[in-house]
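To start, the structure under review is shown below, and the notes come after it.
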Amino acid sequence: MIDDANALELFRFADHVQSVTLRVACDAPMVAGEERYYAAEIAVESDFVNGTVGLHISDADLDEWGRCLDALEADEGAEWPPGGRSAWLSVIPEDPLEVTVHDSPSTQIAVQIPVDVPAGWLEDNRLRLEHVRKAIGKR
């Protein structure tokens with residue numbers, strides 16, 4: 001579990017019934033070589049299923065998330081984070097938006113959530129990315 005005091009949402013796909021969010025602990029990164037990794041968790045909430053899966057994301061993953069937002073704006077799908085090292089999600093920009101959270105390589109479980117995102121969801125998620133970048137000192 002991530003401590004709420006030091007966590008920010010990197011993304012939120014939500015409607016009045018269900019949501020998929022990712023929260024990042026912006027303090028005390030793990031350092032591996034030149035890369036810093038931050039504890040994070042993807043949370044799925046709906047009337048049908050609720051759950052979280054943990055992962056660690058790097059500075060490079062934040063850059064990749066920015067590229068994913070660009071792809072979604074261009075009506076292309078996105079998969080994030082790359083590399084298959086942890087839990088990941090795929091997003092298909094349909095109506096409704098289709099978000100699938102994959103817990104691999106751990107349990108091999110995937111949960112698909114259709115989300116009727118409101119207008120402005122893309123801009124909102126770009127602002128969330130900028131807040132996380134500022135919180136960890138990366139611009």
Side-chain angles (χ1 to χ4, degrees):
M1 297 297 290
I2 293 190
D3 178 17
D4 285 338
N6 298 311
L8 291 175
E9 282 187 353
L10 178 60
F11 61 72
R12 171 177 284 280
F13 303 108
D15 60 27
H16 64 283
V17 177
Q18 48 215 12
S19 66
V20 179
T21 59
L22 182 131
R23 295 176 46 230
V24 181
C26 295
D27 61 338
M30 297 183 323
V31 178
E34 302 268 328
E35 196 70 70
R36 296 179 297 173
Y37 289 88
Y38 299 87
E41 67 182 13
I42 300 172
V44 173
E45 296 181 10
S46 77
D47 289 342
F48 177 68
V49 64
N50 293 295
T52 59
V53 61
L55 67 156
H56 286 86
I57 61 170
S58 67
D59 294 332
D61 292 332
L62 294 176
D63 294 337
E64 182 61 28
W65 181 242
R67 287 186 286 276
C68 287
L69 291 173
D70 292 342
L72 292 170
E73 184 174 24
D75 287 330
E76 300 170 4
E79 292 185 354
W80 184 87
R85 68 179 187 272
S86 66
W88 59 283
L89 66 119
S90 59
V91 184
I92 299 173
E94 294 181 349
D95 188 15
L97 193 77
E98 183 180 295
V99 182
T100 305
V101 177
H102 304 263
D103 181 20
S104 78
S106 179
T107 65
Q108 304 291 315
I109 294 172
V111 177
Q112 182 180 16
I113 306 291
V115 183
D116 188 20
V117 290
W121 68 271
L122 190 59
E123 294 81 11
D124 183 55
N125 281 297
R126 287 191 191 281
L127 286 173
R128 291 175 192 281
L129 172 59
E130 290 309 310
H131 288 147
V132 170
R133 283 182 169 157
K134 286 178 184 173
I136 65 169
K138 183 176 189 320
R139 297 188 186 254

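Note that the coordinates shown come from a computational prediction; the quantities given were computed from them, not determined experimentally.
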Salt-bridge present ([X], [Y]; N to O < 4.0 Å):
| X | Y | value |
| --- | --- | --- |
| Arg133 | Glu130 | yes |
| Asp63 | Arg67 | no |
| Arg36 | Asp61 | no |

Problem - Side-chain (Asn125) to main-chain (Arg12) donor-acceptor, under 3.5 angstrom - result: yes
Exercise for the section: For Gln18 and Pro114, indicate whether the former's side chain and the latter's backbone hold a donor-acceptor pair under 3.5 Å. Expected result: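 A pair under 3.5 Å: yes.
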When you compare the side chain of [Y] with that of [X], does any pair of heavy atoms fall below 4.5 Å?
| X | Y | answer |
| --- | --- | --- |
| Ser58 | Tyr37 | yes |
| Val91 | Thr100 | no |
| Leu62 | Leu10 | yes |

Exercise for the section: Would you please classify the geometry between the His102 ring and the Trp88 ring as parallel, tilted or perpendicular, with 30° and 60° separating the classes? Expected result: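 It falls in the parallel class, under 30°.
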Exercise for the section: Mind running side chain to side chain contact (heavy atoms under 4.5 Å, CB included) on Phe48 and Val111 for me, showing each step along the way? Expected result: CA-CA 11 Å; Phe48 177 68; Val111 177; over 6 Å; no
Spatial distance of atom [atom1] ([X]) from atom [atom2] ([Y]) [nearest 0.5 Å]:
| X | Y | atom1 | atom2 | answer |
| --- | --- | --- | --- | --- |
| Asp116 | Leu97 | CG | CG | 9.5 Å |
| Leu89 | Asp103 | CG | CG | 12.5 Å |
| Tyr38 | Asp59 | OH | CG | 5.0 Å |
| Leu122 | Phe13 | CG | CZ | 8.5 Å |
| Phe11 | Leu72 | CZ | CG | 10.5 Å |
| Met30 | Glu35 | CE | CD | 11.0 Å |

Hydrophobic cluster membership, with links at side-chain heavy-atom distances under 4.5 Å among I/L/V/M/F/W/Y: are [X] and [Y] in one?
| X | Y | answer |
| --- | --- | --- |
| Val53 | Ile109 | yes |
| Ile136 | Val24 | yes |
| Val99 | Trp121 | yes |

Taking all non-hydrogen atoms of both residues, which atom of [X] and which atom of [Y] are closest, and how far apart?
| X | Y | value |
| --- | --- | --- |
| Cys26 | Leu8 | SG-CD1, 3.9 Å |
| Val49 | Ile113 | CG1-CD1, 4.3 Å |
| Ser90 | Glu79 | CB-CG, 3.9 Å |
| Gly54 | Ala87 | O-CB, 4.2 Å |
| Glu9 | Val132 | O-CG2, 3.9 Å |

Exercise for the section: Might you work through the side chain to side chain contact (heavy atoms under 4.5 Å, CB included) test for Leu55 and Leu22, ending with a clear yes or no? Expected result: CA-CA 10 Å; Leu55 67 156; Leu22 182 131; 4.0 Å; yes
Handout entry: Glu94 CD: over 12 foreign heavy atoms closer than 6.0 Å
Key = yes
